[in-house]
Amino acid sequence: MSAACYTANRFDSPGRMQRSAREHAAITEALLRSDPAEAQAAMLVHISIGGSDFAEFVSGLPQDLLHA
């Protein structure tokens, strides 16, 4: 199974593109302040939200597809 349909649609959820832009801005601002701890924390938030989005996507797949 390919994750292409997830990749193509991951920004379709309402507000997701704006949240992603804010997350990227937080990472960038921390880097510009030379604050590696804050940059790391902001990146972990960004990655964990992406993981949550993927988990939500997978939970919506047909069960028979998941047990193939």
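Just the heavy atoms: all of them, side chains too, but no hydrogens, waters or symmetry mates, feed the values below. Residue numbers count from 1 along this sequence.
Counting only distance, with no hydrogens or angles, the side chain of Ser48 and the backbone of Leu44 share a donor-acceptor pair below 3.5 Å.
Between Arg16 atom CZ and Glu23 atom CD the span is 4.5 Å, to the nearest 0.5 Å.
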Could you give the side-chain donor-acceptor pairs of residues 34-43 under 3.5 Å, partners two or more places apart or in another chain?
residue : atom : partner : partner atom : Å
Asp35   : OD1  : Ala37   : N            : 3.4
Asp35   : OD1  : Glu38   : N            : 3.0

